[in-house]
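Here is the naming used below: chain letters follow the sequence lines, and residue numbers restart at 1 for every chain. This structure is a prediction, so every number in the text was calculated from the model and none was measured.
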Amino acid sequence: MAKRNITKRSENYSQWYLDIIREAQLAENAPVRGCMVIRPNGFAIWEKMQRTLDDMFKATGHVNAYFPLFIPKSYLSKEAQHVEGFAKECAIITHYRLKNAEDGNGVMVDPTAKLEEELIVRPTSETMIWSVYKNWIQSYRDLPILINQWANVVRWEMRTRLFLRTAEFLWQEGHTAHRTYEEAEEETLRMLNVYRTFAEDYMAMPVFTGRKTEGEKFAGAEHTYTIEAMMQDRKALQAGTSHNLGQNFAKAFDVKFQDSDGDVKYVWATSWGLSTRMIGALIMTHSDDRGLVLPPKLASQQVVIVPIWRSDDEKAMVLNYAERIEHEIRESGITVHLDDRDGYTPGWKFNEWEVRGIPVRLEIGPRDVQGKNAMVARRDMEGKAAKQIVPRDAIQAQVNQILKDMQNNLFEKARAFRDQHTYDLKTYGDMKELLEGEGGFARVWWNGTPEDEEKLKEIKASVRCILPNPAGEKGACILTGKETDQRVIISKAY
RNA sequence: CGAGGCGUAGCGUAGCCCGGCUCAACGCGCCUGCUUUGGGAGCAGGAGAUCGCAGGUUCGAAUCCUGCCGCCUCGACCA
């Protein structure tokens, strides 16, 4: 008699998403509007993401640093496009002191403690960082600068959803400075590729990579690259972005260097970021109606052992057997937890760990001790197919094998789903029918202007990215019929 | 920020239309004890709610009125 606390995806996808987050105890809404509390289960996923990405950043030559949360208002206005992009969602600090309220109830803002210049809580750090880089860069010998920072940022969103869009979120932002345009472009693409590798190899989430259109690019960038994933409701989610900032910020903050040829030049810049939104992407890519599904490489606990007993004698015997298996599995580098809590039935524990998305579960009872084996269940399958009895001697190897299989299986399943719902379309009518009906990705030729993009709003869709086209193929624009070499993904998006 | 819906114990709800015999009921969860334990166990007892907040109408408000806050769905904006 399974208790149904999770809405079916087919009934209400948004509610399902929220139910998963609640039941798996990933996060909850905070007392502050638009903000979330990331609970230990959710934060464990972020920590795993952080560690993986951080290693990848280090491997590509980057170092970590930290810049302030507060940005003087005047900094933000130095790059015109940039201000325009963020002005509507900034939190502003105007005062620095409270005092006891005059009516004796609580505290009030002390009007005499007004800041001369207001501070903006960073929505992103380009302006702060470039005001600092100005002091660090004089010569071409000071370049490149390859810095990443792990931080929180604030964007005062009107409508928020846990992980996908919150007023405050956690992310990493890389900010690099280069001698040439080519070097900056190479860096931008390198980091896009790091994101793609992370998404596909660790999150088991297939992505399309490509360039953003003028309308969708980052405020202040020359151009933006993105990784776009398809969620199970067939909507697109922008999962990471990498920007070639050109010389826009160097010019705005007057950051120049003297090159080896003696000429003084503006520095070339990039920035790239990936946020806790990825946790939302992870949930919406793999999870099912029973709960969270975590790919093994991002599960903080990869294996859980549920012991089964009746009498105290059985308990001692089963735990002894289970502990030896636990140690053996741990020795092979897998994270494993033995759930020996009293007061919960095995069936209850099965469901509990399933909802939390633990990839592999071992069920060990008297029968297994007797028969020298264990029941092994994997989270990416259902019913009998998910379970198998494994001989004692083969457990360690089998668990390792299943984790590998599962990582692959989840990726292949997600890729098959995405490909199945990605259509090469020729007419606007077909695209409209797709996007207003079952949904999915329309892969189409597009020679769009920003005005053409506006038109897509009538079908609530947007150009997600311009796909790479190394062979220089051409086709007729789905809207205007003009010949173009730009192929794009159009879809509804988060 | 626009339209709609909702706010009663940790969670999900009933009661609201027709104010009073309901300072509030039920299921899940929680605590204690006993029996249980291979897919969310059973019985018995128990704790837990100033009915989102602030005003108002009334002899009397969870119930009627006003304002505010929050959440959800859909739009506009965005990672």
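Of the candidates B:A79, B:G39, B:C30, B:A79 carries the atom nearest the A:Arg165 side chain, counting heavy atoms from C-beta on. Considering only the side chain of A:Glu352, B:G40 comes nearest among B:A79, B:G40, B:G38. The side chain of A:Lys457 sits closest to B:C77 out of B:C30, B:C77, B:G40. Of the candidate nucleotides B:U37, B:C30, B:A79, B:A79 has the atom nearest to the side chain of A:Phe169. Each of B:C77, B:A79, B:G39 was ranked by its minimum atom distance to the side chain of A:Glu363; first place goes to B:G39. In this structure, of B:G40, B:A79, B:U73, it is B:G40 that holds the atom nearest to the side chain of A:Val355. In this structure, of B:C30, B:A79, B:C78, it is B:A79 that holds the atom nearest to the side chain of A:Arg277. Side-chain proximity of A:Arg367 to the nucleotides B:U73, B:C30, B:G38 is greatest for B:G38. Of the candidates B:C77, B:G75, B:A79, the closest approach to any side-chain atom of A:Lys460 belongs to B:G75. Out of B:C71, B:C77, B:C30, the shortest distance to the side chain of A:Asn29 is found at B:C71.
Across all strands, A:Thr241 comes closer than 4.0 Å to no nucleic acid atom at all (heavy-atom distances). Using a 4.0 Å heavy-atom cutoff across all strands shown, A:Gln238 reaches sugar-phosphate atoms only and no base atom.
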Residues A:His82, A:Trp130; criterion ring pair (Phe, Tyr, Trp, His ring centres under 6.0 Å); working and verdict: CA-CA 13 Å; A:His82 192 65; A:Trp130 282 87; over 10 Å; no
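Nucleotides B:G29 and B:G12, compared at atom P, are 15 Å apart to the nearest Å. Comparing the C1' positions of B:A14 and B:U22 gives an interatomic distance of 12 Å, to the nearest angstrom. Atom P of B:C64 sits at a distance of 12 Å from the matching atom of B:C6, rounded to the whole Å. Spacing of C1' atoms, B:A24 relative to B:U32, comes out at 26 Å, to the nearest Å. Taking the P atom of each, B:G67 and B:G4 are spaced 14 Å apart, rounded to whole Å. The P atoms of B:G46 and B:A54 are separated by 32 Å, rounded to the nearest whole Å. Rounded to whole Å, the C1' atom of B:A41 lies 34 Å from the corresponding atom of B:C51. On the C1' atoms, B:C65 is 37 Å away from B:A47, given to the nearest whole Å.
Whole-Å rounding puts the A:Tyr344 OH to B:U36 P distance at 21 Å. As rounded to whole Å, 13 Å separates atom P of B:C72 from atom CD of A:Glu28. Protein atom CD of A:Glu314 is 9 Å distant from nucleotide atom P of B:U37, rounded to whole Å. One interatomic measurement links the two molecules: NE2 of A:His82 to P of B:A79, which rounds to 12 Å at whole-angstrom precision. Rounded to whole Å, atom C1' of B:U36 lies 13 Å from atom CH2 of A:Trp309. For the pair A:Glu23 CD and B:G10 C1', the computed distance is 12 Å after rounding to whole Å. Regarding A:Glu354, its CD atom lies at a distance of 12 Å from the P atom of B:G40, rounded to whole Å. Computed from coordinates, the A:Phe218 CZ to B:C78 C1' distance equals 12 Å when rounded to whole Å.
Side-chain to base pairing of A:Arg361 with B:G39: one donor and one acceptor N or O lie within less than 3.5 Å of each other. Evaluation of atom-type donor-acceptor distances gives a pair under 3.5 Å for the side chain of A:Lys387 against the base of B:G39. You'll find a donor-acceptor pair under 3.5 Å spanning the side chain of A:Asp368 and the base of B:G38, going by distance alone.
Contact check for A:Met191 versus A:Leu274: no side-chain heavy atoms found under the 4.5 Å cut-off.
Between A:Thr345 and B:G40 there is no side-chain polar atom (N or O) within less than 4.0 angstrom of OP1 or OP2.
Under the side chain to side chain donor-acceptor pair (under 3.5 Å) criterion, the residue pairs touching residues 291-304 of chain A are A:Gln302-A:Thr335, with sequence neighbours excluded.
Salt bridge absent: A:Lys455 and A:Asp452 never bring a charged side-chain N and a carboxylate O closer than 4.0 Å. Taking the charged nitrogens against the carboxylate oxygens, A:Arg9 and A:Asp289 do have a contact shorter than 4.0 Å, which makes a salt bridge. Taking a cutoff of 4.0 Å between a charged side-chain nitrogen and a carboxylate oxygen, A:Lys212 and A:Glu228 qualify as a salt bridge. Salt-bridge annotation for A:Glu200 and A:Arg415: absent, with no side-chain N of the basic residue lying under 4.0 Å from a carboxylate O of the acidic one.
Atom CZ of A:Phe169 sits about 9.5 Å away from atom CH2 of A:Trp46, to the nearest 0.5 Å.
Side chain of A:Ser242 to main chain of A:Thr188: a donor-acceptor pair is present (N/O by atom type, distance under 3.5 Å, no hydrogens or angles). With A:Thr60 contributing its side chain and A:Phe57 its backbone, the two residues share a donor-acceptor pair below 3.5 Å.
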Intra- and inter-strand pairs of RNA chain B in dot-bracket (Watson-Crick or G-U wobble, both distances under 3.5 Å; | for another strand): ((((((((.[[[[.)....(....]]]].((((((.....)))))).....[[[[[..)....]]]]])))))))....
